[in-house]
Q: 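Pasting a structure here, questions to come.
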Amino acid sequence: MALSMETQLQSIFEDVVSKLTTVLCFSMFMDTPEDERTKLISCLGAFKEYWGTLPQESHEQCVQWIVRFIHSQHSPKRISFLYDCLAKAVETNLLPPRMVCVALINSDSLEWERTQLWALTFKLIRKIIGGVDYKGVRDLLKPILDKIQVIPTTVSSAIVQQLLAAREVVEYILDRNACLLPAYFAIAEIRKLYPEGQLSHWLLGSLISDFEDSFRPTARINSICLGRVLVVPNFFHLRIMEATVLLPVVNNSGAICNSWKLDPATLRFPLRGMLPFDKDLFEPQTGLLRYVLEQPYSREMVCNMLGLNKAHKQRCPVLEEQLVDLVVYAMERSETEEHFDADIGGTSQLLWQHLSSQLIFFVLFQFASFPHMVLSLHQKLAGRGLIKGRDHLMWVLLQFISGSIQKNALADFLPVMKLFDLRVHSVVVFPLKILITSDLSVKPQSTHSFAMTCIWIHLNRKAQNDNSKLQIPIPHSLKLHHEFLQQSLRNKNLSMSDYKIALLCNAYSTNSECFTLPMGVLVETIYGNGSARINLPGTNCMASGSVTPLPMNLLDSLTVHAKMSLIHSIATRVIKLAHAKSSVALAPALVETYSRLLVYMEIESLGIKGFISQLLPNVFKCHAWGILHTLLEMFSYRMHHIQPHYRVQLLSHLHSLAAVPQTNQNQLHLCVESTALRLITALGSSEVQPQFTRFLNDPKTVLSAESEELNRALILTLARATHVTDFFTGSDSIHGTWCKDILQTIMSFTPHNWASHTLSCFPAPLQAFFKQNNVPQESRFNLKKNVEEEYRKWKSMTNENDIITHFSMQGSPPLFLCLLWKMLLETDHINQIGFRVLERIGARALVAHVRTFADFLVYEFSTSAGGQQLNKCIEILNDMVWKYNIVTLDRLILCLAMRSHEGNEAQVCYFIIQLLLLKPNDFRNRVNDFVKENAPEHWLQSDWHNKHMSYHKKYPEKLYFEGLADQVNPPMQVQPQYLPIYFGNVCLRFLPVFDIVIHRFLELLPVSKSLETLLDHLGGLYKFHDRPVTYLYNTLHYYERHLRDRTNLKRKLVHAIMSSLKDNRTPGWCLSETYLKFGMNPREDNVWNPDDTYYCKLIGRKSPGPFPNCDWRFNEFPNPAAHALHVTCVELMALAVPGKDVGNALLNVVLKSQPLVPRENITAWMNAIGLVITALPEPYWIVLHDRIVSVIGSPALTSETEWAGYPFALLDFTACHQSYSEMNCSYVLALAHAVWHHSSIGQLSLIPKFLSETLKPIVQTEFQLLYVYHLVGPFLQRFQQERTRCMLEIGVAFYEMLQNVDQHSQHLSYMDPICDFLYHIKYMYTGDSVKEQVSCVCVCTLWRYGLTVHPIHVNN
């Protein structure tokens, strides 16, 4: 019968132990060393014989039994002898050292109290651990540290010596020269056990702290050297307190790079690797979050920063705390603000308005808890005595309470009563008489003083509905307010002349019995009297009679709940009228009021979301084309700051609409295409990729199946967006990118070519795509021939029906407008059949005829003999637009501008455009009168409709060929049914077309003077452009290369657009006084070259000054920072100075000693420079690479004797700056970090090429190498997350640079931090992806320094 393993092992080791016992008993007969060796050999021999019979899977169990057996002994002599046996077994390769060490460390008997066993065990481990592979040593380090960790803080000094044996093992493991394992593995285990701020065990003493300190250089290499948390000044009109130095500009889309993401639990930056980063990097970034929260339209960015998903309800306490702190700050600001008016609210009123919206959003999606916030507010405000902002605080709370109290438990809102106590003790009750006679008639913000009373009414109503009683009676100080509300409610004849209606709506919005009366008055005001009718532009178009919309002051005075009720009522009425197919259009007051309500983000679900997702589809389903036309007009001319996903969703709807037969109607088709054009061209550069990647599975939904012009506009937008964001930087092909399928689908829908002068402006990958997908074009000769052939048919056919059928049937050549042209050219008239053919062709098919007609016109004008014949051509063309109304000016100009003519024909095409716009007075008169008589601030106007009607009576829109009907022989009586027009006209429709025209003219050098003429006569239209600065920014950015040497044209463009707005903006709102004084100088012989002072003042512009607070809801930009950034960039690009010189001047703002740049705020100035320079074209920011090359070639980095100090300390910009010991190289390093932190991933993607082609050949010293590592290290995480290919290229470049430095250096003094950094790259970013490329570098270089571990990690 086979004996068990335990029995056989016991037999072997018991025999040895028994002999030792005998020796101990007769200690006078001590064994000689030879006897000891004999026993050892005997024991090992027996064990070796048995070990050879054991299967592999039993080896570990066997070793564990041996360790247990040894640890069961009590005699140190026995233990020592048996440990000697184990050591010998390891030395002779009988036992694997890792298995023995693991068994020893994991033994339950290994306790610090058994000091002798402890000492002997760790001495054995110290002896044999050198044979363990590096991964095994890593696995052993943690249990060793865990064993040490249980030793109490106080022990007898008598046993310390024995305990130190464990320290010796740790010391041996951490000894870099011993090479037991990469130090990077060791620091990871140590940091897990002793995270930031926690001291290591006393037994290890300075051993751990010194080892951690050896990794601080590596941590600094991976950190932005500016430091993250400092106090910075008020740049770009930003209030930044205790905020991070590097700050983003918040945009409406919320799109951010990974640089700004924070841990939602701690608000810390998500640092990669267990490195001892500087303490400030472990601090919660409350300043950064609070700064973003304070910016209007920042909620999407906040969600992206914290990784909050609306679909998953998750409370975020840190967000909640910052919201509370912002409310407290608003209270403090109200208290200290000069000229604060308790009713008007001062400039802090904008902050209160914004806070209200933020609170509703974050509490509604359960990212913050309302009861917790109120209790926290009470705690922070108690005893502060903050009085001036109390009404606004209650107003903010009322916003949420009134809208949510019906769906939530009363207990959730009772904590507000605690705030009542704070307010009641200091409240000043307005005398009732004053309220009636003064405040309610003129001050809308006086409704805030009733907020507390309204809250009590809502709480009381909720208690009644729950069949309970509110425990707290109405405070005595609020009784007058309450009585006033009750008295007003009894008055059935409420007037719109004061704010009683708003007060009643706010107080009783949850009480349907009381709410019906005041809300009914509001609704009736904008719906109009049932019988009153007014005319709208066009024929046969009547609307309900109310024309005066509800003013913004009144809407601002309503609570969110009241506004939701109002907008719901409007939307319900619109849908009801759509179902009823009413012949009476909506009242202008209703349409304008609805537009104004859609600006409120806090009612998004019933507002813009309901508009896009519910109202539009319902109206379309009912075929209520008049209402559909109205909604599209609202979107085109009245909407502001609509989130990009809603805009792209509407674009998809419009493309679906275009295919429906019922929309094949002149006015509606024109409106659909005009709206789609606006949507496409208005897409922000940072919005294009995120939005269109959502449709990659089905790109057809966001593309037009028929309209070549819309698809061309999308390609131009795509080209501009990828250029501005540097998406294609470093790439030569679109393959593998998000836009490939989109472009291929466009080419399948509407095949087309691009003119070479347009194509040359595209990013290189787009150029390559269109060159590969060239589409054969019909020759102008064939076009002329086909027109002549069709014209012969027209003259030869006699049957009217046959003529109409032939020229209007589907599939026939789209040449009919060309035939009408020839008719007018030859006979000066068109007969009735021509009119009927146009009607039969239909609006959708007519677009193809306009397209062909545009090409035909170019041919006709190119071959014209000039003189009288040319004048005749011009006259006929203008007659077709203005006299016969055959084609609208904006559609014809758009088609002409989008054609792909080359050379002389392109110039002729642009000549025709110029003639159409300027030759007759028709369009110029329309533009001049519209600009003179109207203002763009529609939200402040109450009489827009009257001005609108007056303009249309003077310049009626004729969209159904009415002019042609009047001119045919005999004249035809047509009375087309016009769809309601509330806002639009040919001038406003032309604006997005004008944007495109300007770009086409910029692409062709010979027509520059023509463009200047157009801008002189029509530039005033930009007064009504909804994004004039953004358009200018995009234009100057995209065409930077074309405009470098055309400074006059550039100046003209800037002047035309900015001067159009001079009467509607405060002085200095965009361009600085210095630029206006010197930069607009047109003299070529005296070009203004700004000095350093100019650049310092431009970057340092701050409040108070050119960027005053305004109502950002109707502004082009969502917040002051976005406005300041764009206007600053526009001015810099408008300078008659090369981009390289401007870029260097911007760098010099902080790199040279400037008296206007305070030394204590240098990091904030670097942040500003980073923001500005990365928003400029490549020639402006690429100069930073030249500065880096200059620094790397400087004596400080090339000479080993130049630096007297520790290089890592000298590269710590923050510490050096504070001690006045910084050098130029540290300044450049800090500025590079600021610039690259704000850079797009496209801009950063040039770094690998910069490293391999520019820096690698010149990096020859260790200091240069460390400098390069410091430069790029902080951005490796972004590369790994956003562009992995670049990360791998950088990894290879780092190794190759090291090899280069090794070849040029006698000795490398800082190999430890270099190797640590390379380990960090491998295990955090590249893995084994670069193993093959760098293996030879590791073997040749790292082995040279005896670092045997490093080649192993590459190959394993």
Side-chain angles (χ1 to χ4, degrees), residues 327 331 342-343 352 356 359-360 363 370-371 373-375 377-378 381-382 387 389-432 435-436 439-440 445-490 499-515 517-519 557-562 565:
V327 173
M331 292 287 287
D343 292 318
W352 284 112
S356 173
L359 177 86
I360 290 170
V363 175
F370 184 75
M373 287 184 65
V374 173
L375 290 172
L377 269 172
H378 178 266
L381 293 176
I387 298 173
R390 61 171 186 253
D391 291 338
H392 300 295
L393 169 61
M394 289 298 167
W395 174 255
V396 168
L397 299 178
L398 173 62
Q399 300 295 304
F400 179 74
I401 292 171
S402 64
S404 58
I405 194 168
Q406 290 176 304
K407 297 180 181 179
N408 294 283
L410 178 62
D412 290 346
F413 304 95
L414 290 179
V416 175
M417 304 299 281
K418 289 181 173 290
L419 291 176
F420 274 37
D421 295 337
L422 292 178
R423 183 185 185 280
V424 166
H425 293 318
S426 59
V427 72
V428 180
V429 181
F430 292 100
L432 187 59
L435 282 172
I436 295 173
D439 290 356
L440 292 182
Q445 297 301 334
S446 64
T447 53
H448 290 200
S449 63
F450 276 75
M452 186 175 175
T453 309
C454 294
I455 290 174
W456 188 90
I457 292 173
H458 285 296
L459 294 177
N460 191 50
R461 179 67 181 178
K462 177 67 174 177
Q464 291 174 2
N465 291 342
D466 293 349
N467 297 318
S468 61
K469 185 177 180 182
L470 197 62
Q471 298 299 318
I472 303 174
I474 186 167
H476 176 74
S477 56
L478 301 181
K479 283 185 178 178
L480 282 178
H481 287 178
H482 188 247
E483 289 172 6
F484 176 75
L485 290 171
Q486 293 286 327
Q487 178 185 341
S488 299
L489 196 60
R490 288 191 288 271
Y499 289 89
K500 288 180 189 174
I501 290 178
L503 282 173
L504 293 176
C505 286
N506 298 343
Y508 299 106
S509 61
T510 56
N511 184 337
S512 56
E513 298 171 6
C514 302
F515 185 55
L517 174 64
M519 181 53 65
S557 300
L558 295 173
T559 62
V560 166
H561 193 223
S565 299

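Keep in mind that what you see is a predicted model, and the values were worked out from it rather than measured.
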Q: Do the side chains of I401 and F370 get nearer than 4.5 Å, heavy atoms only?
A: yes

Q: Output the distance between atom CG (L393) and atom CG (L398), rounded to the nearest 0.5 Å.
A: 11.0 Å

Q: Write down the atom of D412, the atom of N408, and the distance for their closest heavy-atom approach.
A: OD2-CB, 3.9 Å

Q: Shortest non-hydrogen contact from M331 to G389?
A: SD-O, 3.4 Å

Q: Indicate yes or no: at least one non-hydrogen side-chain atom of W395 is less than 4.5 angstrom from one of T559.
A: yes

Q: Grab the two heavy atoms, one from H561 and one from S509, that are nearest each other, plus how far apart they are.
A: ND1-OG, 2.8 Å

Q: I'd like to know if the side chain of S488 reaches the main chain of F484, judged simply by a donor and an acceptor atom lying under 3.5 Å from each other, with no hydrogens or angles considered.
A: yes

Q: With side chains defined as the heavy atoms from C-beta onward, is the minimum distance between L517 and L504 less than 4.5 Å?
A: no

Q: Working to the nearest 0.5 angstrom, can you tell me the gap between H481 NE2 and Q486 CD?
A: 14.0 Å

Q: Sub-3.5 Å donor-acceptor pair from the side chain of K462 to the main-chain atoms of I405, do we have one?
A: yes

Q: To the nearest 0.5 Å, how far apart are OH in Y499 and SG in C505?
A: 13.5 Å

Q: In the structure I gave you, are the side-chain heavy atoms of L419 and M394 within less than 4.5 Å of one another anywhere?
A: yes

Q: Roughly how far apart are L485 CG and C454 SG, rounded to 0.5 Å?
A: 6.0 Å

Q: Could you tell me which non-hydrogen atom of A562 sits nearest to which non-hydrogen atom of F515, and how far apart they are?
A: CA-CZ, 4.4 Å

Q: Does any N or O in the side chain of T447 come within less than 3.5 Å of the main-chain N or O of L503, such that one atom is a donor and the other an acceptor?
A: no

Q: In terms of ring plane angle, is the pair F400 and F413 parallel, tilted or perpendicular, where the classes change at 30° and 60°?
A: tilted

Q: Is the shortest heavy-atom distance from the side chain of L359 to the side chain of Q399 under 4.5 Å?
A: no

Q: Please name the pair of heavy atoms, one in L489 and one in C514, separated by the smallest distance, quoted to 0.1 Å.
A: CD2-SG, 3.5 Å

Q: How about P518 and Y508: do any of their side-chain heavy atoms sit closer than 4.5 Å?
A: no

Q: What distance do M519 atom CE and S512 atom OG have between them, rounded to the nearest 0.5 Å?
A: 12.5 Å

Q: Do you know which two heavy atoms are closest between T510 and S402, and how far apart they sit?
A: CG2-O, 3.6 Å

Q: State the NE2-CG distance between H448 and N506, to the nearest 0.5 angstrom.
A: 8.5 Å

